[in-house]
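These notes are about the structure you will find just below.
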Amino acid sequence: QVQLVESGGGLVQAGGSLRLSCAATGRTFSSYGIGWFRQAPGKEREFVAAISKSGGRTSYADSVEGRFTISRDNAKNTAYLQMNSLKPEDTAVYYCAAHYGLGSPTSRYDYSHWGQGTQVTVSS
């Protein structure tokens, strides 16, 4: 079992940066791939980025490729999402999620554990 807590959200101007953290409890963090998803009001929850359990494989949504970077530190049981060049359309609640096993899946249905979310608001 793993429990996830996101932090680092906030209000930022367009063009700015934020770094989200996803802290996990439990001793098996390194057994889970981690994904970041986001959900804007009235929209479906969408994939943002994912990283495999070893950190060796990453994947990104086209909308954030080149602006966002996902990483993890298994010694600290924490995953990160560095977000640069933020745009107003990045405004959403951001969730981290854990996938037990190999790979870095992009479907929300492959993830069994979810955090409570952190709000990111980008003003124009």
Side-chain angles (χ1 to χ4, degrees):
Q1 286 286 343
V2 62
Q3 293 182 320
L4 306 172
V5 178
E6 302 94 335
S7 62
L11 173 65
V12 64
Q13 289 188 331
S17 298
L18 282 175
R19 188 176 81 156
L20 305 183
S21 297
C22 174
T25 59
R27 297 177 293 174
T28 58
F29 178 70
S30 60
S31 297
Y32 291 85
I34 297 294
W36 285 96
F37 293 78
R38 66 187 181 187
Q39 188 166 18
K43 294 188 176 182
E44 294 281 321
R45 190 169 299 189
E46 65 174 3
F47 170 75
V48 175
I51 189 167
S52 60
K53 60 182 181 177
S54 68
R57 179 178 297 179
T58 59
S59 54
Y60 296 92
D62 289 344
S63 59
V64 307
E65 181 84 52
R67 300 188 298 122
F68 291 10
T69 302
I70 189 171
S71 62
R72 66 189 297 160
D73 184 339
N74 285 346
K76 295 183 178 179
N77 279 11
T78 303
Y80 306 96
L81 184 68
Q82 177 67 43
M83 306 187 295
N84 298 330
S85 302
L86 283 161
K87 304 175 181 180
E89 51 263 45
D90 294 318
T91 295
V93 177
Y94 282 71
Y95 299 88
C96 68
H99 158 76
Y100 185 77
L102 298 174
S104 52
T106 61
S107 171
R108 57 188 281 194
Y109 300 105
D110 288 320
Y111 291 84
S112 54
H113 299 79
W114 291 82
Q116 84 289 349
T118 185
Q119 177 70 47
V120 171
T121 303
V122 184
S123 63
S124 57

Which heavy-atom pair separates T91 from V122 by the least distance, and what is that distance?
OG1-N, 2.9 Å

Centroid-to-centroid, F68 to W36, below 6.0 Å?
no

Shared ILVMFWY cluster between F29 and I70, side chains joined below 4.5 angstrom?
yes

For the OG atom of S30 and the CZ atom of R72, what is their distance to the nearest 0.5 Å?
7.5 Å

Nearest non-hydrogen partners of P88 and A14, listed with the distance
CD-CB, 4.1 Å

Looking at every non-hydrogen atom in both residues, tell me the closest pair between P105 and A50 and how far apart they are.
O-CB, 3.6 Å

Can you check side-chain contact (heavy atoms from CB on, under 4.5 Å) on Q82 and S17, steps first, answer last?
CA-CA 8 Å; Q82 177 67 43; S17 298; 4.0 Å; yes

Taking K53's backbone N and O only, do any of them form a donor-acceptor pair with N74's side chain (distance below 3.5 Å, no angle check)?
yes

Approximate separation, where rounding is to 0.5 Å, of S59 OG and I51 CD1:
9.5 Å

Of all the heavy-atom pairs spanning L4 and A98, show the shortest one and how long it is.
CD1-N, 3.7 Å

Which value, rounded to the nearest 0.5 Å, describes the distance between L20 atom CG and R38 atom CZ?
11.0 Å

Given 3.5 Å as the limit, does a donor-acceptor pair link the side chain of R67 with the main chain of S85, or not?
yes

Under a 4.0 Å N-O cut-off, is there an ion pair linking E44 with R108?
yes

Between CG of L11 and CD of Q119, what distance do you get to the nearest 0.5 Å?
9.5 Å

Using modelled atom types only, decide if a donor and an acceptor are shared between the side chain of Q39 and the backbone of V93 within a distance under 3.5 Å.
no

If you measure from OG on S7 to OH on Y94, what distance do you get to the nearest 0.5 Å?
15.0 Å

For the hydrophobic clusters of this structure (ILVMFWY residues joined by side-chain heavy atoms under 4.5 Å, transitively), does one cluster hold both I34 and V120?
yes

R19 CZ to N84 CG distance, which is reported to the nearest 0.5 Å:
11.5 Å

Tell me whether the rings of F37 and W114 are parallel (<30°), tilted (30 to 60°) or perpendicular (>60°).
tilted

Centroid-centroid distance, Y100 to Y32, less than 6.0 Å
yes

Can a donor-acceptor pair be found, under 3.5 Å and without considering hydrogens, that links the side chain of Q13 to the backbone of S123?
no

Please check if the side chain of S52 supplies one atom and the backbone of G103 the other of a donor-acceptor pair under 3.5 Å.
no

Is any side-chain heavy atom of L81 less than 4.5 Å from a side-chain heavy atom of T69?
no

Hphob cluster co-occupancy, L86 + V48, side-chain heavy atoms under 4.5 angstrom:
yes

CA sep, side-chain torsions, deciding dist, call: Q3, H113, side-chain contact (heavy atoms from CB on, under 4.5 Å)
CA-CA 7 Å; Q3 293 182 320; H113 299 79; over 6 Å; no

Using the benzene-type ring in the case of Trp, are the ring centres of F47 and Y60 under 6.0 Å apart?
no

